[in-house]
Amino acid sequence: MSSEAAAGEAKTQGYEFEQMNLQVGGRIQFITHRSIKPVQHFSTIIGWLKDEYLIVKVPFENGAPIALHENDKLTIRVFSGVNVCAFPCTVERVFGRPLFYAHLSFPRNIQGTSLRAAMRVKVDIPAQVGCDDGSSLSVFLVNLSVSGALIESKRKLPQDEGVVDLTFTLLSQPGQRQVRIGARALIRNMTMLKPASADAEEVFSYGVQFVDLDPVHYTMLQNLTYEALIADRQKIV
């Protein structure tokens, strides 16, 4: 399955503007169509006047604002909870230095698809697993979703089933602030990965399911998925 298909798609359907649940300051994918191949940039929602126009930041590239002109055709893609929505629009007015923002035509034809609830993102995050016997083991998270994770360890966990304590750190936007995540996780399966060469060590892989994840941490994991969707779909498992 391609990474685009891995975005896990229910059937595309029409959405009303309110269903996108746009947020001021929210990140959007900003796609221009001035060349044969569409070019993707990233921007931020500043605001909107209902049924009139959207206000967005002009995307920057290599430290400078991209060239943007009135009547340029765009596609805007936004993440809204468990949906990815996209709509065509045109540039109505561009405001340059020092604010660099633009008015876009108001969304009329909005199409969206639902994301898989447990879409996973490839990661490489150090973590700690606390077991029932009081022991703690350093591991790595190799993928994450809002529902669970895949853990790899060079040492076998003291337990192959039951619930463990999993702690790791994520970066919160904006500001790249480190947030420590603590979650109870149910071990669903264990696999021993054979080494690819004779001098390599075996690796133990554990699939875990989060139990009663903190709503704030759930939102952060949703945002991690969103960032992967709009910035690097190769990370989607």
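Keep in mind the model is a prediction, meaning the values are calculated, not measured. We're numbering straight along the sequence, starting at 1.
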Report task. Measure the OG-CZ distance between Ser43 and Arg27 for me, rounded to the nearest 0.5 Å. Result -> 10.0 Å

**Report entry** Test log, rule side-chain contact (heavy atoms from CB on, under 4.5 Å), inputs Asp160 and Phe204
**Finding:** CA-CA 10 Å; Asp160 292 337; Phe204 297 92; over 6 Å; no

Requested in this report: Would you please classify the geometry between the Tyr101 ring and the Phe95 ring as parallel, tilted or perpendicular, with 30° and 60° separating the classes?
Outcome: parallel

Query raised in the report: Is atom CG of Asp51 surrounded by more than 12 heavy atoms (other residues, nucleotides or ligands) closer than 6.0 Å?
Result: yes

Requested in this report: Flag the pair Arg34 and Asp72 as a salt bridge only when some basic side-chain nitrogen lies within less than 4.0 angstrom of an acidic carboxylate oxygen.
Outcome: yes

**Report entry** Lys57 side chain to Leu99 backbone, donor-acceptor under 3.5 Å
**Finding:** yes

**Report entry** Common cluster, Leu221/Phe140, ILVMFWY with side-chain heavy-atom separation under 4.5 Å
**Finding:** no

Query raised in the report: Which value, rounded to the nearest 0.5 Å, describes the distance between Ser105 atom OG and Lys73 atom NZ?
Result: 9.0 Å

Query raised in the report: How are the rings of Phe210 and Phe168 set to each other: parallel, tilted or perpendicular (split at 30° and 60°)?
Result: parallel

Query raised in the report: Judged by atom type as modelled, is there a donor-acceptor pair below 3.5 Å linking the side chain of Ser145 to the main-chain atoms of Gly148?
Result: yes

Report task. Show your reasoning for whether side-chain contact (heavy atoms from CB on, under 4.5 Å) applies to Thr32 and Leu74. Result -> CA-CA 5 Å; Thr32 60; Leu74 307 172; 3.7 Å; yes

Report task. Find out whether Val208 and Val129 are in side-chain contact, i.e. whether some heavy atom of one side chain is under 4.5 Å from a heavy atom of the other. Result -> no

Query raised in the report: Does Glu201 pair with Arg155 as a salt bridge, N-O distance under 4.0 Å?
Result: no

Requested in this report: Would you sort out whether Ile151 and Ile187 count as a side-chain contact (heavy atoms from CB on, under 4.5 Å), showing the intermediate values?
Outcome: CA-CA 10 Å; Ile151 297 169; Ile187 297 175; over 6 Å; no

Query raised in the report: Are the charged groups of Asp214 and Arg184 less than 4.0 angstrom apart, N to O?
Result: no

Requested in this report: May I ask you to decide if the ring planes of Tyr53 and His103 are parallel, tilted or perpendicular, using 30° and 60° as cut-offs?
Outcome: parallel

Report summary line: Between the SG atom in Cys89 and the CG atom in Asn109, the distance rounded to the nearest 0.5 Å is 11.5 Å

